[in-house]
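Whatever order the structure lists them in is the order used to number ligands and atoms, beginning at 1.
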Amino acid sequence: MSAPTLKAPRGTYDVLGEQAEARATLEARAKSLLAGAGYERIETPAFEPTELFARGVGESTDIVRKEMFTFDDGGGRSLTLRPEGTAPVCRAYVEHGMHKRRQPVKLWYLSSFFRHERAQAGRYRQFWQVGAEALGSDDPAVDAESIALLAALLSQMGVREVRLRLSSLGSADSRAEYRERLQDYLRAHEQSLSEDVRSRIEQNPLRAFDADHAATRRVMHDAPRLLDHLSDDDTAHFAQVRELLDEACVRYEIDSTLVRGLDYYTRTVFEFTSDALGAQSGVGGGGRYDGLVQLLGGHPTPGMGWAAGVERMMLAGDGIAAGASPVDVFVALRSDGARRAAFGLLEAARSAGLHAQMELAGRSLKGQLGHADALGARYVAIVEDGATVLKDMQDGGQERIATDTVVHAVLRGLRAL
Ligand code: AMP
């Protein structure tokens, strides 16, 4: 009799062949984007003291209550396979005295995480996240830059039908006041709430906004909203974040019911979803966590960051051809006389970090557009005498602009969702 075969545990999977290539491409793109924005790579251990997550993520969260793989190290210490990356990064920031460096300290990671969840499409027990954290500044520009970077990553990964929901949870003070108001409201409607929500009125009332239970949802429809009870400082901070996102052409919807499943968030919170995904539509999210470093024993230090799921980016992405690099802009020539200007534009685009290609085989204009399409170019810049027609290959729109403004226009266009 042959030995019984063994399978990878439920909720885990092997990465083979093309998948491995696609992941390597994702990693290279994340690295180029984040390193280019001044983020340094960090690797933390796969397991940490359980207390890090109990304290950092919060005792009343789903993650800590029921999703952690926790074990004894053999010497009576409780360890946990990391379920998320922010608390470990903050632990490392404190442990290595990073407050002495120039602030904000910007760190990024691509690592595997572990949660004991019911496995289904897009939800695994070992999964990978790309994450970015900026510690040491509460400037709203940090929030906007961080969100814009994730928008850019999703766009570069070809993630389809993306939506960004944005809100503010205020700082600890405005939240404490609001919490009591919400608790009063929940107690007044206790008989309609689900068992789970009722049991968390004291510890974590905000999670009631996340409930699936129909009667609870009806109650929450009229519940007081934190966004309407922010302090003046928090309101001003949120307004500036929104202004900067508008400036960067990042589109968002304000969603005052957005609560993230982790306790550490303050002020800005956001979540990107993709309608191309099924029930598990979250592709990435994050926010500001101004109290977390202090909670972990460090000096008071503001922080802001996000994590995006690798599997979900691949599922909702338009398929990353192994090794193929996206063409941001294809430089086409209306006539031979435009060759010098076209070559100058090609070089300028590359200096700005764009993936640019130029017509090199003397095709007709129609042939050049067909070639650009086959390469999957996002923009085609048709250089003419004195100006350039910039064509957006995604929506077919085009405009005639000065050749020296083309690079800027492409950069702006790539950033917009
Ligand atoms: P969270 O820390 O829960 O906000 O998760 C951030 C992102 O990680 C989510 O938007 C998902 O893309 C991804 N993610 C979280 N949990 C899982 C899981 N169990 N399996 C796959 N991806 C996940």
For atom 19 (N) of ligand 1, grab the closest protein heavy atom and report residue, atom and distance to one decimal in Å. Glu117 OE2, 2.6 Å
Identify, for atom 11 (C) of ligand 1, the protein heavy atom at the shortest distance, and state residue, atom and that distance. Arg312 NH1, 3.3 Å
No-hydrogen, no-angle side-chain donor-acceptor test under 3.5 Å, Asp255 and Thr257: yes
Salt bridge or not between Glu311 and Arg23? Use side-chain N to carboxylate O under 4.0 Å. yes
Gly282 to ligand 1: N or O pair under 3.5 Å? yes
Non-hydrogen atom of Glu84 closer than 4.0 Å to ligand 1: no
Which residue supplies the protein heavy atom nearest to atom 21 (C) of ligand 1, what is that atom called, and how far is it? Gly122 O, 3.3 Å
Should one rank Phe127, Phe272, Phe114, Phe113 by closest heavy-atom distance to atom 16 (N) of ligand 1, which comes out on top? Phe127
Specify whether Phe47 and Phe71 have parallel, tilted or perpendicular ring planes, treating 30° as the upper limit for parallel and 60° as the lower limit for perpendicular. perpendicular
Closest protein heavy atom to atom 1 (P) of ligand 1, given as residue, atom name and distance to 0.1 Å: Arg115 NH2, 3.7 Å
Ignoring hydrogens and angles, state whether a donor on the side chain of Gln203 or Arg200 is under 3.5 Å from an acceptor on the partner side chain. no
What atoms in ligand 1 come closer than 4.0 Å to a heavy atom of Gly309? 7 (C), 8 (O), 12 (O), 13 (C)
For Gly11, is the nearest heavy atom under 4.0 Å from an atom of ligand 1? no
Correct closest heavy-atom pair for Leu150 and Ala308 would be CD1-CB, 3.8 Å
Looking only at protein heavy atoms, which one is nearest to atom 5 (O) of ligand 1, and what is the separation? Gln129 NE2, 3.3 Å
Contact atoms of ligand 1, heavy-atom distance to Gly284 under 4.0 Å: 10 (O)
Going by the order shown, which atoms of ligand 1 are within less than 4.0 Å of some heavy atom of Ala307? 6 (C), 7 (C)
Indicate the ring-plane relationship of Tyr178 and His229, choosing parallel, tilted or perpendicular according to the 30° and 60° boundaries. tilted
Parallel, tilted or perpendicular for Tyr185 and His189, by the 30°/60° rule? tilted
When you look at CZ of Arg187, are more than 12 heavy atoms from neighbouring residues, nucleotides or ligands closer to it than 6.0 Å? yes
Which residue supplies the protein heavy atom nearest to atom 20 (N) of ligand 1, what is that atom called, and how far is it? Tyr124 N, 2.9 Å
Within a 6.0 Å radius of atom OH on Tyr13, are there more than 12 heavy atoms belonging to other residues, nucleotides or ligands? yes
for atom 4 (O) of ligand 1, nearest protein heavy atom and its distance come out as Arg260 NH2, 2.6 Å
Quick note on ligand 1: atoms under 4.0 Å from a heavy atom of Val283 include exactly 10 (O), 12 (O)
Charged tip of Arg41 within 45° of Tyr39 ring normal and under 6.0 Å: no
